[in-house]
**Student:** 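I'd like to ask you about the structure that follows.
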Amino acid sequence: MKKLPLIFMSLVLGLLVGCSSSSASQKTKQYSGSHELTGLASWYGSKFHGKLTASGEKYNMRAYTAAHKSLPFGTVVRVINTDNNKSVDVKINDRGPFVSGRVIDLSQRAFAQIGDASKGVVPIRIEVLDDSNTFRYKH
């Protein structure tokens, strides 16, 4: 008789876990198929420091932010250097890069976490971590 409550609780817990998937995870799956998530990462620094980004936020070269051509503003991604497996988590708050072959522009601080800034670019893979706080900037 004691097994029945245990089985019942296991069933309820299983149902709750199965029903807890949110629309954010569905959006993440969509991003994986419709956005470029592998290629080269570059960085931008002091020339743009303090200027407005495409999202309306001021660019801070010491913050963990990035520019991507199509991911929604506010999306948090993990950028992984495929040469050394170092990674950094950044928030998308700008558009770019506008150089052929590049997928993401990282802030200077974020790039320093995964690569040597003197080399300029590193091969990367992007994983979408959190897309629950995305927004559109309205001018």
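Below, all heavy atoms of this structure are taken into account, side chains as well, without hydrogens, waters or symmetry copies.
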**Student:** Could you tell me which residues satisfy salt bridge (charged side-chain N to carboxylate O under 4.0 Å, His left out) with Asp89, sequence neighbours excluded, listed by chain and number?
**Tutor:** Arg78
**Student:** Within the 4.5 Å heavy-atom criterion, are Ile124 and Leu40 side-chain neighbours or not?
**Tutor:** no
**Student:** Under the 4.5 Å side-chain heavy-atom rule for ILVMFWY, direct or indirect, which residues accompany Phe98?
**Tutor:** none
**Student:** Quick one: side chain to side chain contact (heavy atoms under 4.5 Å, CB included) partners of Thr38, sequence neighbours excluded?
**Tutor:** Arg125
**Student:** Not counting sequence neighbours, which residues clear side chain to side chain donor-acceptor pair (under 3.5 Å) with Asn85? List them please.
**Tutor:** none
**Student:** Sub-3.5 Å donor-acceptor pair from the side chain of Thr53 to the main-chain atoms of Asn93, do we have one?
**Tutor:** yes
**Student:** If the condition is side chain to side chain donor-acceptor pair (under 3.5 Å), which residues does Ser118 pass it with, not counting sequence neighbours?
**Tutor:** Asp116
**Student:** So which residues get pulled into Ile80's cluster when ILVMFWY side chains under 4.5 Å apart are joined, directly or through others?
**Tutor:** none
**Student:** Taking side chain to side chain contact (heavy atoms under 4.5 Å, CB included) as the test, write out the residues that go with Arg62, two or more places apart.
**Tutor:** His49, Asn60, Arg109
**Student:** Going from CD1 on Ile104 to CG on Leu71, what distance comes out if it is rounded to the nearest 0.5 angstrom?
**Tutor:** 7.5 Å
**Student:** Does the side chain of Lys91 come within less than 4.5 Å of Phe73's, by heavy atoms?
**Tutor:** no
**Student:** Compare all side-chain heavy atoms of Trp43 with those of Val121 and state whether any distance is below 4.5 angstrom.
**Tutor:** no
**Student:** Any idea which heavy atoms bring Arg102 and Ser42 closest together, and the distance?
**Tutor:** CD-OG, 3.4 Å
**Student:** For Lys58, enumerate each residue passing the side chain to side chain contact (heavy atoms under 4.5 Å, CB included) test, keeping only those at least two apart in sequence or located in another chain.
**Tutor:** Leu52
**Student:** What residues form a side chain to side chain contact (heavy atoms under 4.5 Å, CB included) with Tyr44, not counting sequence neighbours?
**Tutor:** Phe48, Tyr59, Ala67, Asp94, Asp105
**Student:** Got a salt bridge between Lys51 and Glu57, using NZ or NE/NH1/NH2 to carboxylate O under 4.0 Å?
**Tutor:** no
**Student:** Do Asn81 side-chain atoms and Ile114 backbone N/O form a donor-acceptor pair below 3.5 Å?
**Tutor:** yes
**Student:** Do the side chains of Ile92 and Val77 get nearer than 4.5 Å, heavy atoms only?
**Tutor:** yes
**Student:** What distance do Ile126 atom CD1 and Ser87 atom OG have between them, rounded to the nearest 0.5 Å?
**Tutor:** 12.5 Å
**Student:** Is any side-chain heavy atom of Val90 closer than 4.5 Å to one of Val79?
**Tutor:** yes
**Student:** Report yes or no: do Phe111 and Met61 belong to one cluster of Ile/Leu/Val/Met/Phe/Trp/Tyr joined by side chain heavy-atom distances under 4.5 Å?
**Tutor:** no
**Student:** If you measure from CZ on Arg95 to OG on Ser70, what distance do you get to the nearest 0.5 Å?
**Tutor:** 7.0 Å
